[in-house]
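Below: one structure, written as structure tokens.
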Amino acid sequence: MADNQIQVVTVCGSLRKNSFNAALQRSLPSLAPPGISIKPAPSWADIPIYNFDVQSAGLPAPVTAWADALRAADGVIIVSPEYNWTIPGGLKNAIDWTSRMKDDPFKGKPVAIQSCAGGLLGGARMQYHLRQSLTSVEAVILIRPEVFVNFSAKKFDEKTLELTDQATKDMVKLQLEAFEKFVRQQNGKH
Ligand SMILES: Cc1cc2nc3c(=O)[nH]c(=O)nc-3n(C[C@H](O)[C@H](O)[C@H](O)COP(=O)(O)O)c2cc1C
């Protein structure tokens with residue numbers, strides 16, 4: 001199986017050191033089926049705010065590094081909080097940059113979405129806005145199972161930030177299994 005593994009990169013929408021979304025992102029390799037290798041994409045933290053004039057002067061290196069990693073992957077998992085009912089600005093900005101590239105890494109790319117949020121909805125509003133933006137760049141998005149981690153402080157160890165909630169682990173495992181099948185179907189990798 002090892003040489004037939006699909007290569008998936010993860011993107012976190014939060015830059016916070018003790019981010020619950022980053023903690024969920026870190027937990028994914030241990031919850032994944034053996035057919036998927038999961039690694040974090042380079043950070044989008046140093047991507048400047050989109051400006052056509054900056055783009056015309058040459059793509060900034062952090063944009064290229066981020067886009068190259070997404071392009072090389074068989075699939076992408078975005079794990080993000082919800083900010084003010086929508087996509088965190090930094091993550092949206094990174095997607096806006098790649099959408100201006102000739103070879104947009106999201107075009108035809110299988111994508112799965114997960115979110116952790118402090119409130120009851122678990123980032124649902126962000127997920128639906130992200131689906132809308134990703135549809136605009138012609139990503140192919142896994143419809144379900146959906147992963148919403150609500151009241152996230154209760155689902156991770158207070159000190160180590162390890163994911164402890166069994167129901168959440170089960171939900172994530174189901175999504176990763178479905179995502180493996182979805183990526184193989186989309187990429188013709190059987
Ligand atoms: C600017 C900002 C806006 C937020 N807006 C929302 C929101 O719309 N819905 C929500 O459920 N939580 C919202 N929150 C709370 C986040 O869910 C919570 O801080 C979460 O832990 C952030 O993710 P992280 O732990 O990965 O950094 C907001 C937090 C920030 C900093």
Side-chain angles (χ1 to χ4, degrees), residues 4-16 19 21-29 31-33 35-52 54-55 58-83 86-116 123 126-143 146-147 172 175-189:
N4 193 27
Q5 270 191 325
I6 56 167
Q7 305 296 317
V8 167
V9 293
T10 52
V11 170
C12 182
S14 172
L15 300 176
R16 197 168 72 88
S19 158
N21 286 280
L24 179 60
Q25 178 191 31
R26 286 193 297 275
S27 77
L28 298 184
L31 299 172
I36 318 189
S37 154
I38 301 186
K39 294 196 184 90
S43 174
W44 47 261
D46 295 325
I47 294 181
I49 293 180
Y50 180 79
N51 178 335
F52 177 80
V54 175
Q55 183 194 355
L59 279 176
V63 175
T64 312
W66 197 63
D68 285 350
L70 302 190
R71 202 177 288 113
D74 295 314
V76 176
I77 301 175
I78 299 179
V79 188
S80 177
E82 173 176 290
Y83 282 177
T86 188
I87 307 162
L91 173 62
K92 175 64 165 52
N93 179 59
I95 295 169
D96 291 341
W97 267 104
T98 50
S99 72
R100 307 313 294 171
M101 299 176 86
K102 275 200 197 89
D103 189 6
D104 183 347
F106 280 109
K107 188 167 180 173
K109 186 71 63 184
V111 178
I113 304 172
Q114 305 181 354
S115 54
C116 294
M126 178 286 298
Q127 291 208 17
Y128 296 123
H129 286 187
L130 186 55
R131 282 175 187 270
Q132 183 175 324
S133 282
L134 291 173
T135 301
S136 144
V137 294
E138 298 178 55
V140 285
I141 308 157
L142 181 75
I143 296 175
E146 298 173 294
V147 172
V172 169
Q175 194 201 55
L176 294 176
E177 282 163 16
F179 193 52
E180 178 184 355
K181 288 196 191 114
F182 183 69
V183 172
R184 288 189 189 280
Q185 269 166 6
Q186 293 297 327
N187 294 357
K189 266 193 165 185

Would you check if Val8 and Phe179 make a side-chain contact, meaning some heavy-atom pair closer than 4.5 Å?
yes
So, taking the atom named CG in Asn93 and the one named CD1 in Ile49, what distance separates them when rounded to the nearest 0.5 Å?
6.0 Å
Under the side-chain contact (heavy atoms from CB on, under 4.5 Å) test, which residues partner Leu59, sequence neighbours left out?
Gln55, Val63, Thr64, Trp97, Met101
Could you pull out all residues at least two apart from Thr86 that satisfy side-chain contact (heavy atoms from CB on, under 4.5 Å)?
His129
Can you sort out the partners of Tyr128 under ring-ring contact (aromatic ring centres under 6.0 Å, His included), two or more places apart, ordered by chain and number?
none
d(Thr98 OG1, Ile47 CD1) to nearest 0.5 Å is 8.0 Å
Under the rule for side chain to side chain donor-acceptor pair (under 3.5 Å), what residues qualify as partners of Asp96, not counting sequence neighbours?
Lys92
Reported NZ-to-OG distance for the pair Lys107 and Ser99, which is rounded to 0.5 angstrom:
12.5 Å
Run the side chain to side chain donor-acceptor pair (under 3.5 Å) test against Thr10 and tell me which residues pass, sequence neighbours left out.
Gln25
Pair Gln175, Gln114: side-chain N/O donor-acceptor within cut-off below 3.5 Å:
yes
So do Pro81 and Pro88 actually touch side chain to side chain, heavy atoms under 4.5 Å?
yes
Note, Val172 side chain near Leu24 side chain (heavy atom, < 4.5 Å):
yes
Using the test salt bridge (charged side-chain N to carboxylate O under 4.0 Å, His left out), find all partners of Asp74 that sit at least two apart in sequence or belong to another chain.
Lys189
Does the salt bridge (charged side-chain N to carboxylate O under 4.0 Å, His left out) test come out yes or no for Arg184 and Glu180, once each step is laid out?
CA-CA 6 Å; Arg184 288 189 189 280; Glu180 178 184 355; 3.0 Å; yes
Results of side-chain contact (heavy atoms from CB on, under 4.5 Å) for Ala61 - residues two or more places apart only
none
Per-pair distances, 0.1 Å, donor-acceptor, side chain in residues 133-142, under 3.5 Å, sequence neighbours excluded:
unit_1, atom_1, unit_2, atom_2, d
Thr135, OG1, Arg131, O, 2.6

Over all atoms of both residues, closest heavy-atom pair of Ser14 and Trp44:
N-CZ2, 4.4 Å
Partner of Ile78 under side-chain contact (heavy atoms from CB on, under 4.5 Å), picked from Asn21, Val111, Ile87, is Val111
Which heavy atom of Pro110 sits nearest a heavy atom of Gln186, and at what distance?
CG-CB, 3.8 Å
Of all residues at least two apart in sequence or in a different chain, which pass the side-chain contact (heavy atoms from CB on, under 4.5 Å) check with Lys39?
Gln7, Ser37
How many angstroms lie between atom CG of Leu91 and atom CG of Leu130, to the nearest 0.5 angstrom?
6.0 Å
Ser115 versus Val79: any side-chain heavy-atom pair under 4.5 Å?
no
State, with a plain yes or no, whether a side-chain heavy atom of Pro48 is found less than 4.5 Å away from one of Pro60.
yes
Suppose we screen for side chain to side chain donor-acceptor pair (under 3.5 Å). Which residues come up paired with Asp68, at least two apart in sequence or across chains?
Arg71
Would you call Leu176 and Ile77 a side-chain contact if the rule is heavy atoms closer than 4.5 Å?
yes
Side chain to side chain, Cys12 and Pro40, heavy atoms closer than 4.5 Å:
no
